[in-house]
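For reference, the structure discussed in these notes is given below.
From a predicted model like this one, the values you see are computed outputs, not experimental measurements.
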Amino acid sequence: MSLEINIPDVLAEVQAVFARYEEALVGNQPAVLDELFWSSPHTLRYGFSENHYGHADIAAFRASLPLQSPPRALLRTVITTYGRDFATANVEFRREGGRQTGRQSQTWMRTADGWRVVAAHVSLLG
């Protein structure tokens, strides 16, 4: 089976939902972030110093934070779609006033509710 890579309309959909995610992340909108993660026990998120398994665990962690994420500059963003229902988004970023480069990876899947993150990872380079 051969999947089409970056079908223009699918790529545009994922770019738009990724932009919405980024806006919610730096704008302290946890309800939007919760919405954009797949509501499933199979969803996972590996953070800077923690691992979360399942949407409920991810949402509980996010709710415990005083702020979601400090402002940051995206240094490089690579979004790739595979067919019509699967995509990855990978970002290099630097927090405002920081020196370290961070990395964020997301796996997106089209669901009945729209595009949702099914797996995510965020880390800082040493």
Side-chain angles (χ1 to χ4, degrees):
M1 177 173 88
S2 177
L3 291 176
E4 286 185 71
I5 305 299
N6 290 340
I7 299 168
D9 62 311
V10 178
L11 181 59
E13 290 174 13
V14 177
Q15 288 169 330
V17 74
F18 176 82
R20 183 171 179 235
Y21 178 94
E22 183 66 20
E23 181 180 305
L25 182 68
V26 298
N28 194 27
Q29 300 172 336
V32 175
L33 297 174
D34 289 344
E35 171 195 334
L36 292 176
F37 271 74
W38 185 35
S39 184
S40 168
H42 301 291
T43 303
L44 66 89
R45 178 187 178 275
Y46 294 151
F48 292 108
S49 61
E50 74 286 332
N51 298 331
H52 299 282
Y53 299 93
H55 186 274
D57 186 33
I58 296 166
F61 167 74
R62 191 172 286 120
S64 75
L65 299 174
L67 292 175
Q68 297 307 306
S69 182
R72 66 187 192 166
L74 300 184
L75 306 175
R76 182 174 181 156
T77 302
V78 178
I79 296 174
T80 306
T81 65
Y82 305 88
R84 302 199 72 81
D85 301 318
F86 190 77
T88 57
N90 293 281
V91 173
E92 292 177 44
F93 65 89
R94 186 165 297 126
R95 289 179 171 170
E96 193 172 276
R99 292 177 163 242
Q100 284 185 298
T101 298
R103 298 172 294 181
Q104 172 185 304
S105 299
Q106 298 171 329
T107 303
W108 290 82
M109 179 178 72
R110 185 191 304 273
T111 72
D113 296 319
W115 286 98
R116 297 296 185 260
V117 175
V118 297
H121 176 255
V122 61
S123 61
L124 293 173
L125 292 174

Chi angles and distances behind the salt bridge (Lys or Arg N to Asp or Glu O under 4.0 Å) call for Arg84, Asp9: CA-CA 9 Å; Arg84 302 199 72 81; Asp9 62 311; 2.6 Å; yes
Closest approach of [X] to [Y] (non-hydrogen atoms, all atoms of both residues):
X      : Y      : answer
Gly83  : Ile7   : O-CD1, 3.8 Å
Pro66  : Asn28  : O-ND2, 4.4 Å
Thr43  : Ile58  : CG2-CD1, 3.7 Å
Leu124 : Gly102 : CD2-CA, 3.7 Å

Should [X] and [Y] be counted in the same cluster of Ile, Leu, Val, Met, Phe, Trp and Tyr side chains packed under 4.5 Å apart?
X      : Y      : result
Leu65  : Tyr46  : no
Val10  : Val118 : no
Tyr53  : Met109 : no
Phe18  : Leu75  : no
Val122 : Leu44  : no

Aromatic ring pairing Phe37/Tyr21, orientation class (parallel under 30°, perpendicular over 60°, tilted between):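 Geometry flag for Tyr21 against Phe37: tilted rings.
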Solution key, residues 88-98 side-chain donor-acceptor pairs under 3.5 Å, sequence neighbours excluded:
residue: Asn90; atom: OD1; partner: Ser105; partner atom: OG; Å: 2.8
residue: Arg94; atom: NE; partner: Arg99; partner atom: O; Å: 3.4
residue: Arg94; atom: NH2; partner: Thr101; partner atom: OG1; Å: 3.1

Partner residues of Asp34 under the side chain to side chain donor-acceptor pair (under 3.5 Å) criterion, sequence neighbours left out: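 If we apply the side chain to side chain donor-acceptor pair (under 3.5 Å) test to Asp34, skipping adjacent residues, the hits are Arg62.
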[Y] side chain reached by [X] side chain, heavy atoms, under 4.5 Å:
X      : Y      : value
Gln104 : Arg72  : yes
Trp38  : Trp115 : no
Phe86  : Thr107 : yes
Ile79  : Leu11  : yes
Leu125 : Arg103 : yes

Check against side chain to side chain contact (heavy atoms under 4.5 Å, CB included), Arg116 and His55: CA-CA 11 Å; Arg116 297 296 185 260; His55 186 274; over 6 Å; no
Gap between atom CG of Leu25 and atom CZ of Arg20 - 0.5 Å precision: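 Answer for the CZ-CG pair, Arg20 versus Leu25, is 13.5 Å.
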Trp108 CH2 to Thr81 OG1 distance, which is reported to the nearest 0.5 Å: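 With rounding to 0.5 Å, CH2 (Trp108) is 13.5 Å from OG1 (Thr81).
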Non-neighbouring partners of Arg110 that pass salt bridge (Lys or Arg N to Asp or Glu O under 4.0 Å), sequence neighbours left out: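 Salt bridge (Lys or Arg N to Asp or Glu O under 4.0 Å) check on Arg110 returns Glu13, Asp85.
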Atom CD of Glu4 with >12 non-hydrogen neighbours under 6.0 angstrom: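 It does not: Glu4 CD has 12 such atoms or fewer within range.
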